[in-house]
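None of these values were measured; they are calculated from a predicted model. Throughout, a chain's letter reflects where its sequence line sits, starting with A, and its residues are numbered from 1.
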Amino acid sequence: MGMHDVTDQVAGAVKESGAVNGICHISMLHSTAGLMICAKSADAQADIMRDIEKAVPTRVDFKHRETASDAGGHIKTAFAGSQISLPVEDGRLLLGDEQAIVFAEFDGPRPRNIIVTVYAD
Amino acid sequence: MGMHDVTDQVAGAVKESGAVNGICHISMLHSTAGLMICAKSADAQADIMRDIEKAVPTRVDFKHRETASDAGGHIKTAFAGSQISLPVEDGRLLLGDEQAIVFAEFDGPRPRNIIVTVYAD
Amino acid sequence: MGMHDVTDQVAGAVKESGAVNGICHISMLHSTAGLMICAKSADAQADIMRDIEKAVPTRVDFKHRETASDAGGHIKTAFAGSQISLPVEDGRLLLGDEQAIVFAEFDGPRPRNIIVTVYAD
C-alpha cells in the first residue's frame with residue numbers, strides 16, 4: 001500500500017521525447033495499482049488512500065480469491081482509475097501548481113510497469 | 001446490472017482501423033452505464049460491481065426520479081467513469097496481461113452504444 | 001460546493017478551434033475541484049454530489065490541514081477525477097444525448113481554470 005508521486009518521472013519522459021505540443025498518456029499495466037491526479041501534499045495523499053481503504057475495506061468476503069489484499073486491490077483500482085491523459089504544451093506537462101501524478105499501490109510493494117506515451121506533431 | 005468484458009470487440013475495432021501507433025478512445029454514450037479498466041477475472045469484476053452497489057445503494061430518496069435503478073445508475077456511472085483512452089502500439093491496444101475493458105451496466109439490460117475512435121498517423 | 005454544467009463552454013471552444021476530427025482534452029488545474037461526464041439532469045447531478053459527500057464526509061480528522069473543506073476536497077477530487085478526453089467528430093464533441101460535462105466544486109466558490117485542448121489534423 002502507498003501513494004507515490006511520479007510526476008517528475010513522467011515529466012522527464014515527456015522532456016526526453018522532445019514533444020512540443022500534444023497529449024501525454026500514462027498507463028498502469030496492472031489491475032491492483034492505480035494512477036490518479038492528486039494534490040502534491042503527502043498528507044492529502046495519505047487522506048485519499050485512507051478514504052479509498054474505507055470505501056473498499058480489505059476483507060475476506062470477496063468472490064475473487066487470491067489474497068484479501070489482491071482481491072481488494074482490484075476493486076480499489078477500479079475506483080481510483082489506472083489511465084491518465086494530460087496535455088503537453090510548449091514541451092511541458094500541463095498540470096496545476098498543486099497537482100501531482102500519483103501511483104497508488106493497492107497490493108504491494110512489487111515491481112510495477114507504467115507506460116508513458118506522447119503523441120505530438 | 002452486470003459487468004461485460006468488451007476487450008475483444010474494442011481490440012477488433014482497433015485492428016480493423018489499420019492504425020499502427022496512436023490513441024484509442026472509448027466512449028459510452030449513456031449516463032447510466034460505465035466503462036472501466038478492470039481485472040480480467042469475472043469474480044473480481046463481480047466484487048467491483050458489489051462494492052459500487054454498496055457505495056451507491058439503489059434506493060428511493062433520490063432527487064432525480066425516473067426509477068430508483070435509473071437514478072442510482074447516474075451516480076454509479078459518475079463514480080465508475082464512462083470514457084477511456086488507451087495507447088495503440090504496433091497495431092495493438094496496450095493493456096496489461098490481467099487488464100480488461102469492462103462495460104458496467106447500471107440500469108439495464110438495454111441496448112447501449114459504445115464508440116471506439118482511433119487517432120493515428 | 002456545487003455542480004456546474006460546462007458543456008456549452010467546452011463545445012464553444014471546440015467550435016472556435018475549427019477542428020473537424022480529433023480529441024478534445026479538458027483539464028481542471030486545481031486539486032479541490034473535479035470534472036465528470038454526468039447526466040444532464042440537475043437533480044441527478046445533485047444526487048451525485050450528495051453521494052460523493054456521503055462517501056467522503058467533510059470532517060476534522062484529516063492529516064492534511066488547511067480547512068476541513070479543503071482537505072475533504074482533495075479526496076473528493078481524487079474520487080471524481082479531474083481530466084476528461086472526448087472525441088471530436090465532424091467539428092462536434094461526441095457526447096450522448098443525456099450526457100453533460102460537469103465541473104464539481106468541492107471547496108469554493110472560487111475562480112477555477114479549466115483548460116480545453118483540441119488535437120486534430
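With chain A as partner, the option from Val102(B), Asp97(B), Leu86(B), Leu95(B) having the largest number of non-hydrogen pairs under 4.5 angstrom is Leu86(B). With chain A as the partner, the residue from Gly22(B), Gly34(B), Ala46(B) showing the most heavy-atom pairs under 4.5 Å is Gly22(B). Interface check for chain A: of the options Ile52(B), Ile37(B), Asp51(B), Ile48(B), the most heavy-atom pairs under 4.5 Å are formed by Asp51(B). Most heavy-atom pairs under 4.5 Å with chain A, from the set Gly81(B), Ala100(B), Pro87(B): that is Pro87(B).
Contacts of Lys54(B) with chain A are made by side-chain atoms alone, with heavy-atom separations under 4.5 Å and no backbone atom involved. Only the side chain of Ser82(A) comes within contact range of chain B, judged by heavy atoms closer than 4.5 Å. Only the side chain of Ile23(A) comes within contact range of chain B, judged by heavy atoms closer than 4.5 Å. Using a 4.5 Å cut-off between heavy atoms, His25(A) contacts chain B through its side chain alone, with no backbone atom that close. In this structure, chain B has a heavy atom under 4.5 Å from the side chain of Tyr119(A), while its backbone stays farther away.
No side-chain N or O of Ser31(A) forms a donor-acceptor pair with one of Gln99(B) less than 3.5 Å apart. A donor-acceptor pair shorter than 3.5 Å cannot be found between the side chains of Thr32(A) and Asp70(A).
For the pair Glu98(B)/Ser41(B), no side-chain contact is recorded, criterion being any heavy-atom separation below 4.5 Å from C-beta on. The shortest side-chain heavy-atom distance between Met49(A) and Phe106(A) falls under the 4.5 Å cut-off.
Ion pair Asp47(B)/Arg59(A) not flagged as a salt bridge, since none of the NZ, NE, NH1 or NH2 atoms sits closer than 4.0 Å to an Asp/Glu carboxylate oxygen. Salt-bridge check for Glu53(A) with Lys76(A): passed, with a basic side-chain N closer than 4.0 Å to an acidic carboxylate O. Taking a cutoff of 4.0 Å between a charged side-chain nitrogen and a carboxylate oxygen, Asp90(B) and Arg92(B) do not qualify as a salt bridge.
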